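As the structure lists them, so they are numbered: ligands from 1, and atoms in each ligand from 1. Values in this document were obtained by computation on a predicted structure and should not be read as measured data.
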Amino acid sequence: MLEKEELWQSVLAQIQFNISKASFSTWFNNTEISSIEEGIVIVSVSNSFVKEWLENKYNKLIIKILHDIDSRIKEVQYVVGIKEERKDKRKKITSIDIDQLGFQELQTNKETGLNPKYSFNSFIVGSFNELPNAAAMAVVESPGLIYNPLFIYGGVGLGKTHLLQSVGNEILNKFKDKKVRYVSSEKFTREVISAIRNQGVKKNSIEMFKEKYRDIDVLIIDDIQFLSGKEKTQEEFFHVFNILYENNKQIILSSDRPPKSIMYLAERLRSRFEGGMIADISLPDTETRIAILKSKAQEKGVSIKDNILQYIAETIKTNIRELEGALNRIAITQKVNNKEIDIDLAKKLLKNISSSYKKTINSKMIIQSVAEFFDTKEKDILSSSRKKEIVKPRQIAMYLLREELGMSFPSIGRRFNGKDHTTALHSYKKISKEVADNKKTDEEISIIRERMATA
Ligand code: ADP
Ligand code: MG
């Protein structure tokens with residue numbers, strides 16, 4: 001039988017591809033196998049909340065993965081408490097884990113926001129991303145002077161972040177003294193909100209925020225579509241944009257859609273986005289998907305049979321991250337079994353990779369989950385009651401309809417028995433602010449999301 005640590009690592013590696021990153025770190029950080037005896041695996045966790053979640057929501061998945069790896073394993077039990085004396089050892093293992101699991105945040109440079117693991121070297125170019133790649137290279141050659149802003153859009157998992165980060169890293173390589181800053185839209189939004197909030201306390205927090213952005217040479221903002229509906233953040237961004245632009249500083253943006261399709265985006269921002277270079281990443285064809293798999297396998301130093309690579313490429317068509325996830329799953333299993341696996345096992349391993357654990361969420365589910373969480377009735381949430389214990393759940397439900405489903409404010413209003421779109425917009429803004437300001441609300445919403453994803 002495998003060593004406990006190695007076994008658990010391979011379980012974690014697989015779980016990672018079945019659930020969101022946020023859920024993964026919430027529920028699986030600080031877990032380990034404390035013993036394996038007679039087919040029973042004991043997993044120790046840090047508190048009873050986590051224990052309950054693993055038992056209720058993830059037990060099936062954990063058992064399945066364990067059983068796939070070692071068919072003698074029949075049962076998993078969860079206990080609270082991790083032995084003190086093993087803390088050091090665990091720390092070490094965790095840091096190897098983190099590398100293997102690709103936890104990017106931990107490697108990012110605090111000042112630049114860049115993660116050195118992203119480079120042009122590892123970026124495969126095909127007809128699907130030729131234009132954005134060429135534009136990105138041109139920007140590296142002369143930042144701020146040709147394509148400004150550079151706006152790259154494309155679907156989830158198709159390499160936007162990889163490309164943006166590569167530009168940042170490469171510019172730093174080439175021009176050592178340039179100030180590069182990569183920031184997600186969420187982070188940018190949080191910074192704006194806290195600058196505004198602190199203005200009352202520290203006189204010039206907004207000024208300080210502006211100053212921080214004013215002397216950047218290359219500003220990279222990822223997933224700009226999330227600024228949709230966030231008026232105050234858009235306003236601050238507009239000023240930052242203008243200052244940088246006027247001083248020939250490079251601005252690079254990404255989005256999951258073109259500027260014209262981002263809803264609730266101020267017209268003056270939209271026209272600025274459209275004023276530079278817009279390049280989209282489309283879908284890689286089968287040949288390219290195979291090339292990507294080959295290159296990733298090589299990077300990881302594993303050899304996987306061609307027919308398996310072919311199979312993965314034909315099965316997963318629309319997302320390079322999932323392609324990589326599938327490859328990792330095979331690679332880990334090979335490593336654990338210490339031999340190349342065959343196509344039948346590969347098919348089996350990939351069968352439950354995306355189907356069972358990725359739920360499609362709809363508006364009914366959201367409203368139900370919120371009602372359930374706050375112990376209220378769905379019909380109360382949909383009513384016009386002004387009671388405090390109803391208003392908050394209602395606002396959160398509206399917020400989630402917007403965030404999870406991208407519903408428009410008028411249609412959210414309609415979903416709540418014909419309320420006005422301004423009510424929906426107000427709720428959305430209110431909760432967005434609370435999520436940033438109030439840890440409790442933020443946690444509540446994470447738990448609701450989590451429950452929906454694993455329901
Ligand atoms: P997005 O930001 O568009 O959602 P990412 O940049 O996060 O996508 O890419 C998802 C994963 O796929 C990352 O691990 C990334 O390294 C990898 N990837 C995406 N495009 C390519 C590519 N052209 N060549 C190699 N790896 C890629
Ligand atoms: Mg991204």
Side-chain angles (χ1 to χ4, degrees), residues 13 16-17 20-22 24 98-108 113-137 140 150-170 182-189 220-228 252-258 261-262 278-300 302 309 312-313 315-332 353-354 358 406:
Q16 192 208 186
F17 297 110
S20 74
K21 209 186 262 177
F24 183 79
I98 285 166
D99 267 324
Q100 290 183 345
L101 300 177
F103 264 15
Q104 303 152 9
E105 293 75 25
L106 295 167
Q107 294 170 27
T108 46
L114 291 169
N115 181 334
K117 83 163 200 179
Y118 290 113
S119 72
F120 281 104
N121 280 340
S122 59
F123 194 70
I124 306 283
V125 182
S127 55
F128 75 111
N129 62 5
E130 216 166 353
L131 177 64
N133 180 68
M137 306 265 259
V140 169
L150 172 60
F151 189 102
I152 288 172
Y153 74 90
V156 179
L158 289 176
K160 299 184 293 297
T161 298
H162 191 139
L163 189 56
L164 261 57
Q165 287 256 353
S166 304
V167 175
N169 283 322
E170 198 52 39
Y182 167 96
V183 62
S184 66
S185 300
E186 288 99 329
K187 179 141 198 266
F188 185 82
T189 303
I220 306 173
I221 303 194
D222 209 350
D223 290 315
I224 200 87
Q225 76 273 7
F226 289 128
L227 294 196
S228 164
I252 308 171
L253 307 168
S254 85
S255 163
D256 67 348
R257 63 198 78 178
S261 309
I262 304 176
I278 299 184
D280 75 304
I281 302 183
S282 59
L283 295 175
D285 58 25
T286 312
E287 292 310 306
T288 312
R289 295 200 295 279
I290 292 175
I292 291 172
L293 287 167
K294 286 202 163 138
S295 127
K296 301 270 171 191
Q298 201 176 19
E299 252 172 55
K300 290 181 212 305
V302 291
L309 296 181
I312 301 175
T315 314
I316 298 170
K317 296 185 167 146
T318 58
N319 185 326
I320 297 174
R321 183 179 296 117
E322 282 179 10
L323 217 51
E324 217 179 330
L327 182 83
N328 278 339
R329 186 156 193 176
I330 307 273
I332 292 264
I353 206 167
S354 55
K358 281 197 191 111

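Under the side chain to side chain contact (heavy atoms under 4.5 Å, CB included) rule, Pro132 has a single partner from Leu163, Ile278, Leu158, which is Leu163.
Considering Glu324, Lys160, Gln165 only, the shortest heavy-atom separation from atom 17 (C) of ligand 1 involves Glu324. Residue His162 holds the heavy atom nearest to atom 16 (O) of ligand 1 of all those in Arg321, Glu299, Glu322, His162. Taking all heavy atoms of Leu164, Ile124, Asn319 into account, the minimum distance to atom 23 (N) of ligand 1 is reached by Ile124.
Counting heavy atoms under 4.0 Å from ligand 1, residue Pro284 does not touch it at all. With a 4.0 Å cut-off on non-hydrogen atoms, Asp223 does not touch ligand 1 at all.
Residue Asn129 approaches ligand 1 through these ligand atoms, each under 4.0 Å from one of its heavy atoms: 23 (N). Here is the list of ligand 1 atoms found below 4.0 Å of a heavy atom in Lys296: 16 (O), 17 (C), 25 (C), 26 (N), 27 (C). Close contacts of ligand 1 with Gly159, meaning ligand atoms under 4.0 Å from a residue heavy atom, involve 1 (P), 3 (O), 5 (P), 6 (O), 8 (O), 9 (O), 19 (C), 20 (N). Residue Gly155 approaches ligand 1 through these ligand atoms, each under 4.0 Å from one of its heavy atoms: 3 (O).
Of all heavy-atom pairs between Phe123 and Gly159, the closest is CE1-O, 3.8 Å. The two atoms that bring Tyr118 and Ser166 nearest to each other are C-OG, 3.8 Å, heavy atoms only. Across Ser255 and Arg257, no two heavy atoms sit closer than the pair OG-O, 2.6 Å. Ile224 and Ser185 make their closest contact through CA-OG, 3.2 Å (heavy atoms, listed as atom of the first residue, atom of the second, distance). The nearest pair of heavy atoms linking Thr108 to Gly113 is CG2-O, 3.9 Å.
Note on the Mg ion (ligand 2): protein N/O/S atoms under 2.8 Å are Thr161 OG1.
Between the side chain of Asn129 and the backbone N or O of Lys160, no donor-acceptor pair lies under 3.5 Å. In this structure, the side chain of Arg289 engages the main chain of Ile316 through a donor-acceptor pair within 3.5 Å. At distances below 3.5 Å, at least one donor-acceptor pair connects side-chain atoms of Asn169 with backbone N or O atoms of Asn115.
For ligand 1, the polar-atom distance check against Leu163 finds no nitrogen or oxygen pair separated by under 3.5 Å. Considering backbone and side-chain atoms together, Val125 places no N or O closer than 3.5 Å to any N or O of ligand 1. Considering backbone and side-chain N/O atoms, Val156 never comes within less than 3.5 Å of an N/O atom of ligand 1.
The CG atom of Asn328 lies 7.5 Å from the CD atom of Gln16; values are rounded to the nearest 0.5 Å.
Heavy-atom neighbours of Lys300 NZ from other residues, nucleotides or ligands within 6.0 Å: above the threshold of 12.
Within the 4.0 Å heavy-atom shell around ligand 1 one does not find Gly154.
A donor-acceptor pair shorter than 3.5 Å can be found between the side chains of Ser254 and Asp222.
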